Amino acid sequence: MIDHIRLVSIIQEIAVVIKENKELLTELDQAIGDGDHGINLDRGFSAVKEKLNGLQNKDCGTILNTTAMTLISKVGGASGPLYGTAFMRAGQIVAGKTQITEEDAVKMFDAAIQGIVLRGKANKGDKTMLDALIPAFEIFKTTIEANEGLNTAATKAAEAAKEGVEYTKTIAAKKGRASYLGDRSIGHQDPGATSTYLILKVVSDFLAKEN
Amino acid sequence: MIDHIRLVSIIQEIAVVIKENKELLTELDQAIGDGDHGINLDRGFSAVKEKLNGLQNKDCGTILNTTAMTLISKVGGASGPLYGTAFMRAGQIVAGKTQITEEDAVKMFDAAIQGIVLRGKANKGDKTMLDALIPAFEIFKTTIEANEGLNTAATKAAEAAKEGVEYTKTIAAKKGRASYLGDRSIGHQDPGATSTYLILKVVSDFLAKEN
Amino acid sequence: MKKLINNPELVVEEMLEGIVKAHPNYVKQLEGFNVLVRANAPVKGKVALISGGGSGHEPSHGGFVGKGMLDGAVAGAVFTSPTPDQIFEAIKAVNGGAGVLSIIKNYTGDVMNFEMAAEMAEMEGLEDLEIASVVVDDDVAVENSTWTTGRRGIAGTVFIHKIAGAAAEKGMSLREVKEVAEKVIANVRSMGMSLTPCTVPAAGKPSFTLGENEMEVGLGIHGEPGTHRDEIKTADEITTHLVDKILADIDYSNSEVAVMVNGLGGTPIMELYVINKKVNEILAEKGIKIYKTLVGNYMTSLEMAGASITLLKLDEQLKELLDAAADTPAFTQF
Amino acid sequence: MKKLINNPELVVEEMLEGIVKAHPNYVKQLEGFNVLVRANAPVKGKVALISGGGSGHEPSHGGFVGKGMLDGAVAGAVFTSPTPDQIFEAIKAVNGGAGVLSIIKNYTGDVMNFEMAAEMAEMEGLEDLEIASVVVDDDVAVENSTWTTGRRGIAGTVFIHKIAGAAAEKGMSLREVKEVAEKVIANVRSMGMSLTPCTVPAAGKPSFTLGENEMEVGLGIHGEPGTHRDEIKTADEITTHLVDKILADIDYSNSEVAVMVNGLGGTPIMELYVINKKVNEILAEKGIKIYKTLVGNYMTSLEMAGASITLLKLDEQLKELLDAAADTPAFTQF
Ligand SMILES: Nc1ncnc2c1ncn2[C@@H]1O[C@H](COP(=O)(O)OP(=O)(O)O)[C@@H](O)[C@H]1O
Ligand SMILES: Nc1ncnc2c1ncn2[C@@H]1O[C@H](COP(=O)(O)OP(=O)(O)O)[C@@H](O)[C@H]1O
Ligand SMILES: [Mg+2]
Ligand SMILES: [Mg+2]
Ligand SMILES: [Mg+2]
Ligand SMILES: [Mg+2]
């Protein structure tokens, strides 16, 4: 279980890792996009980090909703609305709650993905963050359902996301800016899939560290 | 003595040498000016070369005047009016003549310089073509007056012009574009002085070759 | 990175302040937002037009705020779609009661952020606020297809600003202005190329590198690579390639067109006119009549050296609206 | 050399053709000459204004031919003063009987070639052709002195075009228009800097090289080096340096000024506005009131990245003339 205080810690840790990887993400986006993904996410998560400082005692829904609104109003580009929507949908699942159960976590993950799909109209195989997210969610869900626990599920999810990132290298983009490159995008990993992996890795590392 | 046919040959040879040195003159002008001197003169003298093709049988005045008018209407910049004026003034001395005597040559040289000074209002030491021309004229005149002959006079004039070019490296420009550089122009040789030297060298080489 | 800036993080804010200081008769900034609106906004009873997108495309879009063109422009971070809250503020500030039309360039980010702004407007249930939007996708470099993002919006967008702006100024309704905008979108095509990359200030290094003899063809306006890389050709060859791609896309035969030769920011104006000469020759050969020509920096990519060519097929209505007076910082005509 | 051109030798001719094709309502070319004049030239009974110089400064000067500004513009080779015969043709073509004023930038070549054109006009003894000229020397980078060439003319020249052009349009006599032009010249000061060199097409390589952290300060508009080289500073520091130099030259205190932040061709417009912000702050601090601001590419050096700042001290007459309508390809105002 993740309580509201740990939730804030996790999100703030995400902000730290995004900042560390700002240049990497920007470089990946320069290759097949417009070179702002790292800059965008860092701008957004830096603001989130600050915003959450006073919110440790709020419920998980409020924390996630604040994260979402901050991302939406600070990130811009494609990733802003997408990550914003994801956090918002996840937050709706735990509105008013101060604890996130394993069951909540599966629902949140699912809702986040649905939000992204609804907003961005992309599918698996389009070379987007979904190529990291969807396989991560699938293994996360089966692992939880198999009662292997949150930590294991998160670890497997991060691993699956990493494979998803690798997979994006092999395909041409159909959605987002990289799609304009056509086959030229093959061989490059998707920046959004990469940031998704980084975020999931933070969660799994956080949970692993705690135990 | 130089007759009208040889005069045309000399001027056409000047055009050849200017073309050969187009890049050199342009590079010199890039350092302290606007990088067009070689381009300007080549454009002008190429046109002159073509124009003179049908004029071998005209008088020296006409030949020089045509050269002048062509330079004036093709070169532009500072060097166009200056060289144009020089050739025009020189031509006036031999209007209607088919031969240029030593005496004519001195007068022509003098008139050319006076034309340049009148037009450009520069003096010796301003880092212009005059720093090559004036010493060249002085030695030319004394050599002729000492009855050493046209060839020797021309050779000495070219040598003096070359020294004048060297001298321009030591001074700051006061006239022309290079003057905007102030002391930064010191160390660089003046492009216009250089083209003047090249022209005088053609004359002296031509005369030397003939004997 | 060689740039005349102070702080990459503040460059958009400082630019906007510089714009307002330069053109106080035309524009004002919404306090706390990276939004420029007409100095006299909202214009009562007129359909209002807003546009926006990442910064770095100047004079787009702030330079086109004024009589006969836009009512507001939203400036995102450099090359980054603006956020929904900013767009929403713009919508509210320009609304003069006759509705607000958003002119969106077809980028996933732009489309989504404008969409969310519209949702915000709906959620707030503002009475007296009718909104609509159009999406510009004039770039023929990318094949259109239903399963991809589709085409990009590039310089042709400025024609939407001009013509839909004139329609709004004439007193047309939101529905009518939208129809006009859609007609322009249906008839405008562009394609671009570049000789050099550009550098997003916050990134600090160029978006790509090109060899001394290479150019990128079919690229957008965000410093991204194009559809392919090629050896540099002459202006005539490049122009022919771009115009041919455009002409292959819709049938311009026997029609009258407006031409825009657009510089990407670092291109000498001299070169744009050399291109325009060839555009004229090609169109004359094909019997396509040029009704009006714009040459200049209208939709740029920071300091990128390159150009795009836009053709807009005109009918009588579009001609009249294209000719209507406009008075903005970057485009004025009697 | 990366350029969108066909042939370095023909670039000016091709550009002029492109200009005429783009703006046939504004300008026409004199056949066989690199001269653009108003489409309706000569304008009977009006003092005519011509300007000119090397090409590569576009939109100067051809872009300013039109109502309220110039009557004709003579285009030399790139960065090379035009020849007297071309200037003379321009003078004849624009002469509407009220006299012709030549606006010359203070470069040895320009001055001499215009001078020779005037002599040609005199020699031809044309009746009904009164001519006059003014020489613009607004660049404060170079110390003025009687024994040198004096200062250069740079972007401030555009203010002469605008204001003297308005005076001519108002029906003032040649003497009066010249007086107005001289008043502007006496009150206008500029200074520029650059981050990159530029390449004359026929030369094929850059005019100078700059290190990754270097800039040239106090340079003209012909790709030449400046008065000195310095480490790159922030936009604010650079602006402060340029404005300080200008303010040190004549007394602007308690006066109203027009500001021009001019791009040299390769500068993102974004950066020009960042500079303008700082210009405003400095002038506000000193109590100098800004009456009008122009920001854009007015007097360029091909693709050079850099900017110049111009201040023009105004009185009531200059304000009125600056505000007068103008309608040209590159500058239009109601
Ligand atoms: N329609 C979409 N659905 C899901 N993810 C998308 C979509 N479009 C783009 N993305 C993701 O967004 C990432 C780019 O984000 P970012 O660079 O911040 O925005 P932009 O493309 O607007 O510059 C891509 O790498 C991709 O993973
Ligand atoms: N006032 C002057 N008197 C004599 N020569 C001059 C004068 N001004 C410039 N020059 C000469 O002209 C040369 C430059 O010619 P050019 O590059 O063709 O013209 P521009 O300076 O107009 O580009 C200089 O190197 C100098 O020798
Ligand atoms: Mg991006
Ligand atoms: Mg020169
Ligand atoms: Mg972006
Ligand atoms: Mg020159």
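Lettering follows sequence order; numbering is per chain, from 1. Note that this is a predicted model, so its numbers are computed, not measured.
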Could you tell me which portion of Ile238(D) (side chain, backbone, both or neither) has an atom closer than 4.5 angstrom to a non-hydrogen atom of chain C?
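Interface part for Ile238(D): side chain.
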Rounded to the nearest 0.5 Å, what's the gap from [atom1] on [X] to [atom2] on [Y]? Could you check?
X	Y	atom1	atom2	value
Ser55(D)	Ile269(C)	OG	CD1	12.5 Å
Glu58(D)	Glu271(C)	CD	CD	10.0 Å
Asp236(D)	Leu4(C)	CG	CG	11.0 Å
Asn276(D)	Met15(C)	CG	CE	12.5 Å
Ile19(C)	Leu272(D)	CD1	CG	10.5 Å
Leu302(D)	Thr267(C)	CG	OG1	12.0 Å

Side chain / backbone / both / neither for Glu281(C) at chain D, heavy atoms under 4.5 Å:
side chain
Does any heavy atom of chain D fall under 4.5 Å from the side chain of Met1(C), the backbone, both, or neither of them?
backbone
Any donor and acceptor pair, going by atom type alone, linking the side chain of Lys277(C) with main-chain N or O of Leu16(D) inside 3.5 Å?
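Not confirmed, Lys277(C) side chain does not pair with Leu16(D) backbone.
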Short question: side chain of Lys2(D), backbone of Leu195(C) - any donor-acceptor pair under 3.5 Å?
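At least one qualifying donor-acceptor pair exists.
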Between [options], which shows the greatest number of heavy-atom pairs under 4.5 Å with chain D?
options	value
Gly56(C), Gly263(C), Gly266(C)	Gly266(C)
Ala305(C), Pro329(C), Ala326(C)	Ala326(C)
Asn25(C), Asn6(C), Val274(C)	Asn6(C)

Parallel, tilted or perpendicular: ring planes of His23(D) versus Tyr273(C), cut at 30 and 60 degrees
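Ring orientation, 0 to 90° scale: perpendicular.
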Most heavy-atom pairs under 4.5 angstrom with chain C, which of [options]?
options	value
Asn297(D), Leu294(D), Thr234(D)	Thr234(D)
Val11(D), Leu264(D), Ile5(D)	Ile5(D)
Lys278(D), Lys21(D), Glu13(D)	Lys21(D)
Glu17(D), Glu237(D), Lys233(D)	Glu17(D)

Can you check whether Val78(D) reaches Met270(C) side chain to side chain, under 4.5 Å on heavy atoms?
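Yes; the side chains approach each other to less than 4.5 Å.
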All pairs passing salt bridge (Lys or Arg N to Asp or Glu O under 4.0 Å) where residues 322-334 of chain D contributes a residue, at least two apart:
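Pairs touching residues 322-334 of chain D that pass the test: Lys292(D)-Asp323(D).
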